[in-house]
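No hydrogens, no waters, no symmetry mates; every other heavy atom, side chains included, goes into these values. Every number for a ligand or one of its atoms is a count from 1 in the order of the listing. If you read the sequence from its start, that first residue is 1, and numbering goes on from there.
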Amino acid sequence: MATTTKEQAQATSTEERGLNKRDAFATGLGVLVATIGSAVGLGNIWKFPSLTGQNGGAAFIIVYVLCTVLVGLPVMISEHMIGRTARKDAVNSLREVAPKGQPWWLIGAAGGLSAFLIMAFYSSVAGWVFAYAFKGITGSILSTDPAVTSQNFGSLTTSSWEVLFWQWLVLVWVGVIIVMGVAKGIERTTKRLMPLLFVLLLIVCIRSLTLDGAGDGIEFLLKPDFSKLTGSVVLAAMGLAFFKLSVGMGTMITYGSYFKDEQNIPMTATKVMLADLSISLLAGLAIFPAVFAFGFNVDAGPSLLFITIPAVFASMPGGSVFVVLFFVLTAIAATGAMLSIVEVPVAYLTGQFNMQRRNATILTLVLLAIMGAPAALSFGELSDFTIAGKTVFDLYDYATSNVLLPIGGLFLCIFVGWVWGFGAVERALTNRGTLSNARTIRFFFMVVKYITPPLVLLVLLDGLNVI
Ligand code: PHE
């Protein structure tokens, strides 16, 4: 009761002071689609296949799925519930639900930093994707010779003005949608684009699976070789689980704050996880059979998408059409994810400083253009500039997936399990007693309190060679 009165009081004072009314998702379906839109992205189509290819196929996938279920899902449920309870940006949501004077909001602040770092390298890759979708139409990226496709990729990534142009184009594209708002921008765009992504992916998948020699690729995805699994590979799998589900940095707190009161959080999060896993597997099925069928290397890493794929498509009938479809669908996937990353600082700036959404977006994008440029230039102009042996691009990527997101997730679970406590969790996840999901909640609470934190800590310390 006390909370209801407090909420009412807050609502009136917000209106009285004439502050911005908080935007939110308009429909339950919109919540689901936008959240899937955040999870599904370059992670599925660029990171998942390249890491799987480098780290032994099925064995890596098994570890990744385990991390997704035991770590990613509990963190996502935690974030949604904190966001919806407080209905504020990530920093202020944590401040509100935490006991007075305890600095749990720092998780949100660290998350803000992660948002900038991720977006800085993500927008570079998205820039290449947009460039390839465009160049696919003119046909200039296709060649059956990997030496030529490698040269094409090289000439894009080493041309400073080209990479910056595409990166800025991506930032503007995302900014335009963000300015339109949560319901009218993010929700409407993802609702339109996500089904298209799914259909395009299915088409490419069918094409790839019906090639002669597709069997080896399927086998690679299904037959585990555990010999490749080292501590750092397991950390990479866990990092991917965080990155994939957009958790550990406040994205899902921010989205949770736009959820409907009657949204069933554990159910929604589970659906998002399943949809996301399915899209990754479909991406694997679209890529690996074709890669094997034409005898290319699977362990090309991050360039798999840009060097191997165009060569693979050039080798098959109708390839010039499929390559365009492929990069358009990747651009769509990247868009939904980027909207959710940029929404983190925008929600903070509008909530904390009562800044207009448009100004908050512009400020965020300018900062991103500044931080993003060194990442975009990491393959050309700045390729020799390394910190701890990593280019700026690799550093942003490594520091977020393998360090910041897991640490954010770890503290979030500790907070939920040990500080917030069962009563608050129960209130949040039963929608104040209207859902009867007692068993699910008890199970979730046990996992978030006793299983996820030690697991994350262990993988983190082992992967970073601390133990
Ligand atoms: N989940 C997105 C993807 O897989 C990336 C992302 C990470 C989005 C973190 C938001 C926050 O592409």
Side-chain angles (χ1 to χ4, degrees), residues 33-52 64 67-68 71-73 75-76 79-80 83 89-90 107-108 110-129 170 174 177-178 186 190 193-194 197 201 236-256 258 269 272-284 302 305 329-348 364 368 396-409 412:
V33 179
T35 313
I36 293 177
S38 164
V40 170
L42 293 173
N44 309 63
I45 299 163
W46 170 64
K47 262 191 174 218
F48 171 78
S50 72
L51 285 170
T52 304
Y64 162 64
C67 291
T68 302
V71 177
L73 182 62
V75 179
M76 176 153 37
E79 291 201 18
H80 285 163
D89 61 89
I107 305 173
L113 175 66
S114 302
F116 276 98
L117 295 177
I118 291 182
M119 192 59 192
F121 78 86
Y122 208 93
S123 57
S124 320
V125 184
W128 308 338
V129 171
V170 164
V174 171
I177 304 172
I178 285 285
I186 300 176
T190 46
L193 292 183
M194 292 307 284
L197 170 139
L201 189 56
M238 187 174 80
L240 180 66
F242 274 100
F243 184 86
K244 276 300 329 108
L245 291 184
S246 318
V247 294
M249 56 167 263
T251 308
M252 289 299 176
I253 299 183
T254 309
Y255 269 28
Y258 303 137
V272 172
M273 177 193 77
L274 291 175
D276 182 60
L277 281 177
S278 319
I279 300 273
S280 288
L281 288 179
L282 280 180
L305 201 61
L329 82 85
T330 310
I332 293 175
T335 300
M338 290 189 289
L339 292 174
S340 72
I341 306 176
V342 174
E343 184 62 23
V344 173
V346 169
Y348 175 72
T364 305
L368 279 172
Y396 285 176
D397 182 2
Y398 187 87
T400 46
S401 277
N402 293 5
V403 184
L404 285 170
L405 300 187
I407 291 180
L412 209 70

**Q** Please enumerate all residues that pass ring pair (Phe, Tyr, Trp, His ring centres under 6.0 Å) together with Tyr255, with sequence neighbours excluded.
**A**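 Tyr255 satisfies ring pair (Phe, Tyr, Trp, His ring centres under 6.0 Å) with Phe25 once adjacent residues are dropped.
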**Q** Can you find a pair of side-chain heavy atoms, one from Phe48 and one from Leu281, that are under 4.5 Å apart?
**A**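 Result yes, sub-4.5 Å side-chain heavy-atom pair found.
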**Q** Please give me the minimum heavy-atom distance between Gly250 and Thr254, naming the atom from each residue.
**A**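 The pair with the smallest heavy-atom distance is O-OG1, 2.7 Å.
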**Q** Heavy atoms, side chains only, cut-off 4.5 Å: are Lys47 and Leu240 in contact?
**A**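 The answer is yes, as the side chains (C-beta and beyond) meet within the 4.5 Å cut-off.
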**Q** Do Asp397 and Asn402 have side chains that approach each other closer than 4.5 Å (heavy atoms only, starting at C-beta)?
**A**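 Not in contact.
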**Q** Between ligand 1 and the protein, find all N/O pairs closer than 3.5 Å and give the distance for each.
**A**
| from | atom 1 | to | atom 2 | distance (Å) |
| --- | --- | --- | --- | --- |
| ligand 1 | 1 (N) | Ser38 | O | 3.2 |
| ligand 1 | 1 (N) | Ala39 | O | 2.9 |
| ligand 1 | 1 (N) | Phe243 | O | 2.8 |
| ligand 1 | 1 (N) | Lys244 | O | 2.9 |
| ligand 1 | 1 (N) | Ser246 | OG | 3.1 |
| ligand 1 | 4 (O) | Ala39 | O | 3.0 |
| ligand 1 | 4 (O) | Gly43 | N | 3.3 |
| ligand 1 | 4 (O) | Lys244 | NZ | 2.4 |
| ligand 1 | 12 (O) | Leu42 | N | 3.1 |
| ligand 1 | 12 (O) | Gly43 | N | 2.9 |
| ligand 1 | 12 (O) | Tyr122 | OH | 2.3 |

**Q** Begin with the C-alpha distance, continue with both residues' side-chain angles, and end with the deciding distance and a verdict on ring-ring contact (aromatic ring centres under 6.0 Å, His included) for Tyr396 and Tyr122.
**A** CA-CA 10 Å; Tyr396 285 176; Tyr122 208 93; over 10 Å; no
